[in-house]
Structure formats: C-alpha cells, structure tokens
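Chain naming here is simple, since letters A, B, ... match the order of the sequence lines and numbering starts at 1 in each. What you see is a predicted model, and the numbers here were worked out from it, not measured in a lab.
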Number of protein chains: 2
Amino acid sequence: MIENDFFRALADPTRRAIFEKLAAGSMNASALREGMEISQPAMSQHLAVLRSAKLVREERQGRFVNYEVNPDGLALIAQWLAKYRAYWPERIAALKVLLKDMDQ
Amino acid sequence: MIENDFFRALADPTRRAIFEKLAAGSMNASALREGMEISQPAMSQHLAVLRSAKLVREERQGRFVNYEVNPDGLALIAQWLAKYRAYWPERIAALKVLLKDMDQ
DNA sequence: CGGACACATAAGCACGTACTTATGCGATTC
DNA sequence: GAATCGCATAAGTACGTGCTTATGTGTCCG
C-alpha cells in the first residue's frame, strides 16, 4: 500500500517544507539545510522517508547527493485524488487552474 | 496550517478506509463500523480527526449522526497538489482521467 | 596515504498517536 | 420518567515517530 507511504511522509510539516524547497529547484542535502535549523542526521532521515515514499529521488554526484522531486510520487497522489472526483465542486478556482495546466 | 490536518488525518490507513467508505455513500457512525472490526470509541475518535481536517462533515439526524465527504477538504488537497503541477508528467493516465472529468 | 567533507546509519529518548475500558450525554421508546 | 440506543469524551497504555549524539561509509584533495 503505497498511499500509506506518501501520506505519512507528507504528514510531517518539516518534510513538507523540504519537499516544497525541492520543488523550487533540485539541490543537495546540505543546501537543503540552509535556513532551516535542522541537524544533518535529521535532514538525512527525512530525505530517507521522502525517498521511500517515491516523493523525491536521489542522484549521487561526486561526494554530494543531489535530490529532486519525483514526478511519479505526485502522480500517485493525483491518482488517489482522482478516485473522489465525484465530490469536487466544479466551481473551485484551484481545480480550474489544475485542469487548465494539465490539458493540452 | 490546514495542510497539516488533512495529511495527518489521511496518514492513518484506518481513517483512509473510513473516508473511502464515506465516499461510496454517506452513512452514520454505526453503519461505518459494519465489517470493519473497530470499536465504537475508536470510530468516534477517527471521525473527530477527519472532521477537524474538514475531510468529512456531520449532520445530526435524531439520535443518529450522519457523516458525508466534505468536498472542501478534497479541494484543499487539490489546491496543494496544484502547486506542483510543473512536475506532473503529462503522459500519466490517471492525470488524463482527472482532467477529463474536471473539464466539462 | 591521510585528512576533510557530504551524507547515511545506529542507538537512545521524549513525545505523539491509536487503541482500550469506563462513563457521560442527548434522543427515542415504552 | 426510566430504560435503551447512538455517539462522544475521559483516562490509561502500548507503540510509533522525530529528535539527539555518536559513528560509519564513500568521495575528494593535498
């Protein structure tokens, strides 16, 4: 049950902050820590959780490890959300934006 | 931070099961318990969490309390997801379905 | 080779979470 | 109005989670 992984991963505000930072641009673990007041092991552990939830992916570059958003993870969330489309109120602006960018 | 609430609410598999059951049709707390092996207080506590996350809403009917999916909660998730639309791979089938049903 | 660096992992601990049993509270029924 | 029903809440407990400090692993550089 993969849903379990990404919902649990995103349940932590620190991990969401990390994820959002990565969404603004891929970077390595040290760069992620800048301006975040989080220890190195804590960051490493959070990244491990996000990794196993398929929300981010790593790529070793020398002695750095570059992290980036994994589109597959977002697709899984969208997939989960799609199950409940019967309940989406059509009028909601955010949803309009959402479909506009996806269509084409 | 409302995101915190719904991600934490959905992080629990039992609560997701309850939510999915409600998505199939609104019902009261006792009906929700059927076929679920969960105690009455546990169900009540889970519903309280889902309620405060705006994922479900209640409506008292005599001595029953009817629960139903709250579309606003789903809209908030969609809103959160929309922030990362730059990362959605266009080809993913689930997303196609999603946009097809939203555009109309 | 040896040290420094970037990151991961291990172990321990404080706190949160999901359950239990017990009880309370409003609404119905007789 | 007393018993019962549907549900909520209280209090206690076992377990999970996120942090810490300490140490390990792989890479670069002198």
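- Scored by the side chain to side chain contact (heavy atoms under 4.5 Å, CB included) test, Ala86(A) finds no partners at all (sequence neighbours excluded).
- Residues that satisfy the side chain to side chain contact (heavy atoms under 4.5 Å, CB included) test with Ser26(A), not counting sequence neighbours, are Asn66(A), Glu68(A).
- Taking the side chain to side chain contact (heavy atoms under 4.5 Å, CB included) definition, one finds that Ala42(A) meets it with Ile38(A), Ser39(A), sequence neighbours left out.
- Judged as a side chain to side chain contact (heavy atoms under 4.5 Å, CB included), and not counting sequence neighbours, the contacts of Ala23(B) are Tyr84(A), Tyr87(A), Val69(B).
- Taking the C1' atoms of five terminal pairs at each end of the helix from dC1(C)-dG30(D) to dC30(C)-dG1(D), the two resulting helix axes are inclined by 20°, rounded to 10°.
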N/O to N/O distances under 3.5 Å, protein versus nucleotides 11-17 of chain D:
from, atom 1, to, atom 2, distance (Å)
dT17(D), OP1, Arg8(A), NH1, 2.3

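- Distances shorter than 4.0 Å separate none of the side-chain N or O atoms of Asn28(B) from OP1 or OP2 on dG6(D).
- Residues that satisfy the ring-ring contact (aromatic ring centres under 6.0 Å, His included) test with Phe7(A), not counting sequence neighbours, are Trp80(A).
- Within the structure, the salt bridge (Lys or Arg N to Asp or Glu O under 4.0 Å) test picks out the following pairs touching residues 5-18 of chain A (sequence neighbours left out): Arg16(A)-Glu3(B).
- By the side-chain hydrogen bond (donor to acceptor under 3.5 Å, both in side chains) test, Arg51(B) is found to be paired with Tyr67(B), residues two or more places apart in sequence or in another chain being considered.
- Residue pairs meeting the salt bridge (Lys or Arg N to Asp or Glu O under 4.0 Å) criterion with at least one partner in residues 20-34 of chain B, sequence neighbours excluded, are Lys83(A)-Glu20(B).
- The stretch residues 47-70 of chain B touches DNA chain D through Arg51(B), Arg63(B), Phe64(B), Val65(B), Tyr67(B), each having a heavy atom within less than 4.0 Å of the strand.
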